[in-house]
**Q** 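Can you read through this structure? Questions will come right after.
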Amino acid sequence: MQAWYHCENVYPFVPQEVLDSAESVRASLPNNIATRRSPPACSRNASTSTSSATSSGSTSSSIEHHSGINSLYGASPMILGILARQTKKVRILSLGTFITIRPDPVRIAEEYATADVISKGRLEIGFVKSGDSEMVSGNANPVGYVDRFWEAIDLIQKTLTAHDGPFSWEGKHFTHRHVNIWPPAYQSPHRRCGRRPAIRRPRPSSAGEAW
């Protein structure tokens with residue numbers, strides 16, 4: 001059995017009357033509610049608790065949410081880079097980056113590869129489609145987002161596993177004439193099986209597939 005530590009890093013200092021009158025606490029609360037000191041304090045506390053958990057051997061995971069108090073982590077790859085520097089042996093998991101609202105999967109692959117290099121190959125990756133509030137904050141079109149989700153995963157996978165120079169990608173949703181990221185990922189993706197496995201396509205309600 002594996003033990004994983006997960007911290008949402010929520011913002012708890014919102015008056016109840018504000019919560020009761022808000023149209024949505026996930027997407028519509030004005031950020032002037034937050035004092036200048038509170039978000040840094042929340043992030044320091046989350047970082048400290050994560051360090052304590054990893055020192056006891058628990059693998060750590062990072063998430064991201066957008067435009068709401070349910071998480072102050074707005075960029076999972078950035079948190080991964082911090083965790084990669086703060087930890088030494090445990091594996092770190094991104095669960096995950098909302099790839100359906102990001103316009104460029106290759107850029108996401110670059111961010112993952114950089115975090116993997118900093119951690120010397122301790123990175124695990126999870127892919128997440130996103131929910132309604134993230135679709136709004138990301139200015140994304142929900143029509144066809146499941147197809148975008150799977151094509152983005154395929155492009156990220158190929159970007160992380162291609163080592164023989166530039167390749168081009170002509171897909172339904174993404175087009176790249178020149179893909180050749182530096183640095184490459186430290187570990188070889190799918191290293192446990194030694195070759196690329198077939199991706200299982202879950203039902204549309206599934207959160208995604210881990211790398």
Side-chain angles (χ1 to χ4, degrees), residues 1-10 26 46-47 50 53-54 58-66 68 70-87 89-135 137-138 140 145-161 173-174 181 184-193 196-211:
M1 183 181 72
Q2 293 184 342
W4 295 75
Y5 178 79
H6 173 74
C7 179
E8 292 273 350
N9 191 16
V10 300
R26 289 291 300 270
S47 177
T50 299
T54 55
S58 296
T59 303
S60 181
S61 64
S62 168
I63 55 133
E64 68 178 63
H65 287 292
H66 302 278
N70 54 313
S71 176
L72 299 183
Y73 290 150
S76 181
M78 180 180 293
I79 304 303
L80 290 175
I82 296 172
L83 291 175
R85 189 67 180 87
Q86 290 179 336
T87 58
K89 296 181 179 180
V90 299
R91 298 193 68 78
I92 53 179
L93 167 67
S94 172
L95 194 64
T97 297
F98 289 106
I99 59 178
T100 54
I101 65 173
R102 294 279 297 271
D104 188 359
V106 174
R107 177 61 180 170
I108 297 173
E110 285 185 304
E111 295 166 357
Y112 283 152
T114 300
D116 195 48
V117 168
I118 295 172
S119 70
K120 292 187 176 180
R122 293 182 288 117
L123 180 64
E124 305 277 353
I125 300 173
F127 300 109
V128 183
K129 291 194 294 292
S130 76
D132 51 358
S133 61
E134 279 81 21
M135 283 286 175
S137 64
Y145 82 110
V146 174
D147 286 340
R148 292 202 309 274
F149 173 72
W150 285 113
E151 186 180 334
I153 289 178
D154 290 339
L155 180 50
I156 291 170
Q157 248 184 347
K158 184 171 178 60
T159 302
L160 290 171
T161 56
H173 300 284
F174 304 103
I181 65 168
Y186 186 91
Q187 63 184 321
S188 296
H190 318 302
R191 59 187 177 84
R192 293 188 181 88
C193 56
R196 179 180 176 184
I199 294 180
R200 294 181 180 179
R201 304 283 170 155
R203 297 177 181 177
S205 59
S206 175
E209 178 95 1
W211 172 55

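Here the structure is a predicted model, which is why all the values come from computation and not from measurement.
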**Q** Is K120 close to K89 at the side-chain level, that is, under 4.5 Å between some pair of heavy atoms?
**A** no
**Q** For a quick test of reading the model, state the closest non-hydrogen atom pair linking A84 to S119 and the distance between them.
**A** CB-CB, 3.6 Å
**Q** Listed by chain and number, what are the side-chain contact (heavy atoms from CB on, under 4.5 Å) partners of L95, not counting sequence neighbours?
**A** L93
**Q** Supply the atom-to-atom distance E8 CD to N70 CG, rounded to the nearest 0.5 angstrom.
**A** 6.5 Å
**Q** As an exercise, state the distance from CD1 of I156 to CD of E151, rounded to the nearest 0.5 Å.
**A** 11.0 Å
**Q** Run the salt-bridge test on R107 and E110 with the 4.0 Å N-O cut-off and return the result as yes or no.
**A** yes
**Q** Measuring only between side-chain heavy atoms, which start at C-beta, is I99 closer than 4.5 Å to V128?
**A** no
**Q** Return yes if a side-chain donor-acceptor contact under 3.5 Å exists between T87 and R122, otherwise no.
**A** yes
**Q** If we only count heavy atoms from C-beta on, is the L80 to Y112 side-chain gap below 4.5 Å?
**A** yes
**Q** Indicate the atoms forming the closest heavy-atom contact of R148 with F174, along with that distance.
**A** O-CE1, 3.7 Å
**Q** Say you draw a straight line from CG of L123 to CD1 of I92; how long is it, rounded to the nearest 0.5 Å?
**A** 5.5 Å
**Q** Is there a side-chain contact between D147 and H173 (heavy atoms, below 4.5 Å)?
**A** yes
**Q** Classify the side-chain pair S47/Q86 by whether it contains a donor and acceptor separated by less than 3.5 Å.
**A** yes
**Q** What distance do W150 atom CH2 and Y145 atom OH have between them, rounded to the nearest 0.5 Å?
**A** 12.0 Å
**Q** Keeping E124 on the side-chain end and R91 on the backbone end, is there a donor-acceptor pair under 3.5 Å?
**A** no
**Q** Out of curiosity, D154 CG to Q157 CD, how far, rounded to the nearest 0.5 Å?
**A** 6.5 Å
**Q** Just how far is it from atom SG of C7 to atom OH of Y73, taken to the nearest 0.5 Å?
**A** 5.0 Å
**Q** Do T97 and P77 have side chains that get closer than 4.5 Å, going by heavy atoms?
**A** yes
**Q** Under 3.5 Å, is there a donor-acceptor pair between the D116 and Q187 side chains?
**A** yes
**Q** Could you pull out the closest heavy-atom pair between G121 and Y186, with the gap in Å?
**A** N-CD2, 3.3 Å
